[in-house]
Amino acid sequence: MGTNSHIKVAIDGPSGAGKSTVAKRIASAIGADYIDTGAMYRAVALKLLRCGIDPESEPERLSDMLSTTTVDFRSGSTLLDGQDVTGEIRTPEVTAMASASSALRQIREKLVELQREMGRSKSVVMDGRDIGTNVFPDAECKFYMTASAEERARRRFAELSAAGARDSYADVLAAIEKRDYDDSHRALNPLVRAEDAILIDTDGIGIEDVTDNMLAYIESLL
Ligand code: DC
């Protein structure tokens, strides 16, 4: 694995494939930092909503905002300008704004720079859409995790129902299909499997087994 003592693990794939569950477990098993890049796009989206900025028609306000914005992680929490926004970034409004605004060059450039900085001096497990293709094309280990839209909708629907939400399965499936389409059809760094990423299809496989297999592979590289 070369002379570097730190390792970068890239995990990409569509929403609901189980990336964050697996990435957290792998990070804790190998003593790396877990970086949820989706949470970073969500934090910026929350700030756009709070400031009332339309990122597409107000590029100058967007650029001023980005130049004074910090996004960081501390013990599993997402910090926006030092404030814990872990819960607030999961609302449907923020999800919609994150999906739309993550297509914009200014936002991607700012967050990709922060992500590369985070991986410079320590081991990281990073999940997102463009980690293996764009953020760390040189990552030692790349995975592309997926599952059918129906399977992902079933998992998300179960989570939402358990939390008391009233969304129907059909709504959840439609939202997942729309986000898949938008994430993989945007012009800049769309969701696509890197040629050298290992494909993990999690349809019908328990998350424990998935994690164990990925860990065994990573440990064989260390
Ligand atoms: O993984 P998530 O649902 O929390 O991501 C929120 C949005 O951010 C999603 O619509 C796609 C976008 N995103 C991205 O464009 N690039 C990444 N590396 C991670 C997320």
Look only at the side chain of [X] and the backbone of [Y], and say whether a donor-acceptor pair between them is shorter than 3.5 Å.
{"X": "Arg179", "Y": "Ser15", "value": "no"}
{"X": "Ser99", "Y": "Ala96", "value": "no"}
{"X": "His6", "Y": "Arg120", "value": "yes"}
{"X": "Lys142", "Y": "Ala10", "value": "no"}
{"X": "Thr202", "Y": "Ile205", "value": "no"}
{"X": "Asp12", "Y": "Ile131", "value": "yes"}
{"X": "Asp203", "Y": "Ser148", "value": "yes"}
{"X": "Gln106", "Y": "Pro59", "value": "yes"}
{"X": "Thr78", "Y": "Phe73", "value": "no"}

Looking just at side-chain N and O atoms, do Thr133 and Asp130 make a donor-acceptor pair shorter than 3.5 Å?
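Per modelled atom types, Thr133 and Asp130 side chains form no pair under 3.5 Å.
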
Side chain to side chain, [X] and [Y], heavy atoms closer than 4.5 Å:
{"X": "Leu62", "Y": "Ile107", "answer": "yes"}
{"X": "Thr146", "Y": "Arg193", "answer": "no"}
{"X": "Glu88", "Y": "Arg42", "answer": "no"}
{"X": "Arg50", "Y": "Leu46", "answer": "yes"}

Smallest separation among heavy atoms of Tyr41 and Ala98, with atom names
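It is O-CB, 4.0 Å.
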
Kindly give the heavy-atom pair with the smallest separation between Leu48 and Ser101, and that separation in Å.
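Answer, listing the atom of Leu48 first, then Ser101: CD1-CB, 3.8 Å.
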
Treating Ile, Leu, Val, Met, Phe, Trp and Tyr as nodes and any side-chain heavy-atom pair under 4.5 angstrom as an edge, say whether [X] and [Y] lie in one connected cluster.
{"X": "Met126", "Y": "Phe143", "result": "no"}
{"X": "Leu104", "Y": "Val112", "result": "yes"}
{"X": "Val124", "Y": "Ile26", "result": "no"}
{"X": "Val9", "Y": "Met118", "result": "no"}
{"X": "Met214", "Y": "Ile35", "result": "no"}

List the steps, then state whether side-chain hydrogen bond (donor to acceptor under 3.5 Å, both in side chains) holds for Asn189 with Arg108.
CA-CA 9 Å; Asn189 317 132; Arg108 299 205 72 81; 3.1 Å; yes

Going through the distances and angles, do Asp36 and Arg90 end up as a salt bridge (Lys or Arg N to Asp or Glu O under 4.0 Å)?
CA-CA 13 Å; Asp36 174 355; Arg90 301 287 154 191; 3.3 Å; yes

Evaluate the side-chain hydrogen bond (donor to acceptor under 3.5 Å, both in side chains) criterion for residues Ser168 and Asp171: first the C-alpha distance (whole Å), next the side-chain angles of each, then the deciding distance (0.1 Å), finally the verdict.
CA-CA 5 Å; Ser168 71; Asp171 290 344; 3.3 Å; yes

So does Glu159 have more than 12 non-hydrogen atoms from other groups sitting under 6.0 Å from CD?
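Atom CD in Glu159 is packed in, count exceeds 12.
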
Hey, is CD on Glu113 packed in by over 12 heavy atoms from elsewhere, all under 6.0 Å?
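Atom CD in Glu113 is not crowded, with 12 or fewer foreign heavy atoms closer than 6.0 Å.
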
Calculate, to the nearest 0.5 Å, the distance between atoms CG and CG belonging to Asp167 and Leu173 respectively.
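Taking CG in Asp167 and CG in Leu173, the distance rounds to 12.5 Å.
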
Could you walk me through whether Ser123 and Lys8 pass the side-chain hydrogen bond (donor to acceptor under 3.5 Å, both in side chains) check?
CA-CA 6 Å; Ser123 290; Lys8 296 187 279 292; over 6 Å; no

Please evaluate residues Asp54 and Ser57 with respect to the criterion side-chain hydrogen bond (donor to acceptor under 3.5 Å, both in side chains), reporting the C-alpha separation (whole Å), side-chain torsions for both, the decisive distance (0.1 Å), and the verdict.
CA-CA 6 Å; Asp54 174 356; Ser57 66; 3.0 Å; yes

